[in-house]
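Before any comments, here is the structure.
Bear in mind that the values here come from a model prediction, so they are computed numbers and not experimental data.
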Amino acid sequence: MTHIEDIEYKASAVALINEVNSNIVVLDGAMGTMIQKYNLSETDFRGNIFHSWHCNLKGCNDILCLTAPHIIKEIHLDYLNAGASIIETNSFNANAFSLADYALENEVETINLAAAKVAREAADEYIAQNPGKSCWVAGSVGPSNKSLSMASTLEENISWDSLVDTYISQMRALIRGGVDALLIETIFDTLNAKAATYAARRAMEMEGIRVPLMISATLTETGRTLSGQTLDAFVASISHCEPISIGLNCGFGADTMTPHIEALQSIPFAVSMHANAGLPNEMGEYDETPETMASKIKPLIERGLVSVIGGCCGTTPAHIAAIANIVKEVNNKRKEKAETLLHSSLSGSNSKCLLAGLESFDISPERNFVNVGERCNVAGSRKFLRLINEENYTEALQIACSQVEAGAQIIDINMDDAMLDAEKEMALFVTKLGNEPQTARVPFMIDSSKWEVITSALKLVQGKAIVNSISLKEGEDAFVAKARHIREMGAAVVVMAFDEKGQADTYERRIEICRRA
């Protein structure tokens with residue numbers, strides 16, 4: 001099997017990475033705002049393709065890539081001519097779950113391929129007409145209309161595997177259509193985003209083409225995602241995919257986003273922002289003028305707090321042109337002074353072990369003691385085992401809450417007992433822990449000797465968990481495969497000092513095994 005690490009970035013993607021690492025890059029503005037200006041009818045959304053279709057397709061903007069591609073191309077060119085260097089494909093809702101509202105769930109591949117091709121045509125046409133200028137196409141991937149973290153039961157029609165599958169279908173078509181990056185945006189549930197980043201790797205492996213990821217969340221008035229995570233916990237939970245940028249979009253106007261953008265300055269990634277044109281009025285429209293929006297964004301650009309800047313709901317080519325003028329001036333001054341951006345790292349490598357529940361928790365080299373609550377372990381607590389056997393999850397959950405109240409910084413969960421269905425019980429209890437605010441705020445330790453228990457549990461954790469544990473006792477190939485999967489699921493790992501010969505029983509053996517691991 002070809003792994004993502006064995007695939008080189010496509011040439012245009014390398015150019016984009018270099019541009020983001022050396023200049024402030026302008027992203028385009030809202031697609032929906034521009035489509036509304038065309039005052040399209042139901043007939044326009046059907047084009048020459050869906051005349052016999054029974055569903056009302058008006059409002060399904062993604063379908064216009066098939067039924068009215070000339071309109072979408074014109075919008076892309078408007079943004080490029082306004083000064084955008086990155087245009088997003090018209091594919092924000094082009095996933096099976098969102099398209100099911102229009103009975104178009106079987107058209108995912110067709111729509112996304114069309115979205116990528118029309119954006120690619122616009123970009124190539126612009127480059128041909130403007131020698132010396134560069135532009136890129138980012139495949140827009142929205143969050144879908146489902147939430148993995150906030151699903152109330154395990155029986156709902158949404159699961160990690162089903163969401164991964166629909167993301168793979170969407171991303172494969174976008175990659176095949178020629179995008180230079182994938183922009184996973186408007187993230188309100190980090191578990192959805194983790195599924196998207198996992199799917200992106202699989203899609204690239206299947207297509208044999210590698211492009212960088214750009215990640216953008218949206219926050220509520222509390223400064224957290226809708227699923228409850230703080231911004232730093234969100235970063236900790238998705239940084240394993242090593243995106244070229246992490247940032248914010250939608251949600252607020254630029255001025256309200258500023259404190260959160262400032263809070264991102266410590267991350268080892270480029271920072272992005274594409275804000276709304278202010279807050280919507282009582283009619284749901286956006287009143288902020290290009291000049292007003294640009295004046296609010298200007299300090300962020302001049303201070304070097306963003307590397308990718310654009311617009312979201314309510315923004316137009318006029319908004320992007322006003323922003324692009326500021327960016328051009330700042331980029332020229334930076335070149336004159338040979339300055340580099342504050343955020344120029346493609347890799348998120350860090351000496352800390354940064355974990356997360358709803359809140360982040362770092363195990364820095366200076367921290368020499370961590371409290372792990374181990375009473376939710378059927379092998380270590382007879383009471384907990386009895387409660388699980390009795391299906392008394394309310395009282396079992398209270399044990400976890402009591403541990404957090406007593407100072408536990410991580411909650412260990414183990415269901416390995418001969419009389420239990422460990423995989424089922426782990427999934428149930430991890431879900432309940434994630435729905436309880438007191439326990440959800442701390443990281444989880446997924447503790448099992450059964451690989452299938454670990455892998456199924458990781459599909460339910462929106463934060464950055466710890467897997468306990470893996471070792472070299474089954475050999476290097478098995479060790480590397482498990483380590484790779486744990487990393488791709490966004491988790492940390494405990495490595496036990498075992499190898500094919502057994503447990504390390506001397507100082508020298510400990511050093512030998514741990515160095516090899």
Under the side-chain hydrogen bond (donor to acceptor under 3.5 Å, both in side chains) rule, what do Thr230 and Asp232 come out as? Steps first, then yes or no, please.
CA-CA 6 Å; Thr230 62; Asp232 53 352; 2.5 Å; yes
Any side-chain heavy-atom pair of Ile187 and Asn192 under 4.5 Å:
no
Closer than 3.5 angstrom, by distance alone: can the side chain of Tyr79 be matched with the main-chain N or O of Ile86 as a donor-acceptor pair?
no
Are any side-chain N or O atoms of Thr439 and backbone N or O atoms of Leu433, one a donor and one an acceptor, separated by less than 3.5 Å?
yes
Closest non-hydrogen atom pair between Ala116 and Gly178, with its separation
CB-N, 4.4 Å
Got a second to check how far Glu109's CD is from Gln170's CD, nearest 0.5 Å?
12.0 Å
Give a yes or no on whether the backbone of Glu88 and the side-chain of Asp28 come within a donor-acceptor separation of less than 3.5 Å.
yes
Pairwise side-chain contact, Leu40 with Phe45, heavy-atom cut-off 4.5 Å (strictly under):
yes
Ion pair Lys194/Asp189, N-O distance below 4.0 Å
no
So which of His3, Arg202, His240 actually passes side-chain hydrogen bond (donor to acceptor under 3.5 Å, both in side chains) with Glu488?
Arg202
Of Leu248, Leu219, Ile215, the residue whose pairing with Phe234 passes side-chain contact (heavy atoms from CB on, under 4.5 Å)
Ile215
Kindly determine whether Met171 and Val211 satisfy side chain to side chain contact (heavy atoms under 4.5 Å, CB included), including the steps that lead there.
CA-CA 11 Å; Met171 292 172 174; Val211 297; over 6 Å; no
Sequence-distant partners of Gln409, side chain to side chain donor-acceptor pair (under 3.5 Å), two or more places apart:
none
Minimum heavy-atom distance Ala233-Leu358, with the two atoms named:
CB-O, 3.4 Å
For Glu8, does the CD atom have more than 12 heavy-atom neighbours from other residues, nucleotides or ligands under 6.0 Å away?
no
Under 3.5 Å, is there a donor-acceptor pair between the side chain of Thr166 and the main chain of Ala96?
yes
Working to the nearest 0.5 angstrom, can you tell me the gap between Asn276 CG and Asn249 CG?
8.0 Å
Kindly say whether Glu288 contributes a backbone atom to a donor-acceptor pair with the side chain of His319 at under 3.5 angstrom?
yes
Would you give the length of the straight line joining atom CG of Leu305 to atom CG of Leu264, rounded to the nearest 0.5 angstrom?
10.0 Å
Side chains of Asp44 and Ser41: does their closest heavy-atom pair fall under 4.5 Å?
yes
Heavy-atom side-chain contact between Ser272 and Met214 under 4.5 Å:
no
Shortest non-hydrogen contact from Cys65 toward Ile72:
N-CG1, 4.2 Å
Output yes when Lys333 and Glu329 qualify as a salt bridge under the 4.0 Å nitrogen-oxygen rule, no when they do not.
yes
Taking atom types as modelled, is there a side-chain donor on Ser162 or Asp165 under 3.5 Å from an acceptor on the other?
no
Ignoring hydrogens and angles, state whether a donor on the side chain of Asp180 or Ser12 is under 3.5 Å from an acceptor on the partner side chain.
yes
Spacing of CG belonging to Leu183 relative to OG1 belonging to Thr89, to within rounding of 0.5 Å:
8.5 Å
Rounded distance (nearest 0.5 Å) linking atom CG of Asp362 with atom CG of Leu355
8.5 Å
Testing the basics here: between Lys146 and Phe188, what is the closest heavy-atom pair and its distance to 0.1 Å?
O-CZ, 3.4 Å
Return yes if a side-chain donor-acceptor contact under 3.5 Å exists between Glu19 and Ser85, otherwise no.
no
With a cut-off of 6.0 Å (strictly less than), are more than 12 heavy atoms of other residues, nucleotides or ligands near NZ of Lys459?
yes
Are any side-chain N or O atoms of Gln229 and backbone N or O atoms of Gly357, one a donor and one an acceptor, separated by less than 3.5 Å?
yes
Salt bridge Glu436-Lys432, side-chain N to carboxylate O under 4.0 Å:
no
Do NZ/NE/NH1/NH2 and the carboxylate oxygens of Arg210 and Glu5 come within less than 4.0 Å?
no
Which heavy atom of Ala294 sits nearest a heavy atom of Ile323, and at what distance?
CB-N, 4.4 Å
Heavy-atom check, side chain of Glu359 versus side chain of Arg224, under 4.5 Å
yes
Residues at least two apart in sequence or cross-chain that pass ring-ring contact (aromatic ring centres under 6.0 Å, His included) with Trp160, listed by chain then number, are Tyr198
Quick one, Leu99 and Cys60 - any side-chain contact, counting heavy atoms below 4.5 Å?
yes
Of Ile246, Ile261, Ile309, which is the lone residue that meets side-chain contact (heavy atoms from CB on, under 4.5 Å) with Val271?
Ile261
How many angstroms lie between atom CZ of Phe50 and atom CG of Leu57, to the nearest 0.5 angstrom?
6.5 Å
Heavy-atom pair with the smallest gap, counting every atom of Val461 and Leu191:
O-CD1, 3.3 Å
Step through the shown structure and confirm whether more than 12 heavy atoms of other residues, nucleotides or ligands are within 6.0 Å of CG on Asn48.
no
For Gly278, is there any backbone N or O sitting under 3.5 Å from a side-chain donor or acceptor partner on Asp287?
no
Donor-acceptor check, side chain of Asn95 to backbone of Tyr167, threshold 3.5 angstrom: yes or no?
no
All pairs passing side-chain hydrogen bond (donor to acceptor under 3.5 Å, both in side chains) where residues 57-68 contributes a residue, at least two apart
none
Tell me which one of Leu458, Leu460, Asn435 satisfies side-chain contact (heavy atoms from CB on, under 4.5 Å) with Val430.
Leu460
Verify the neighbour count for atom CZ of Arg487: are there more than 12 heavy atoms of other residues, nucleotides or ligands below 6.0 Å?
no
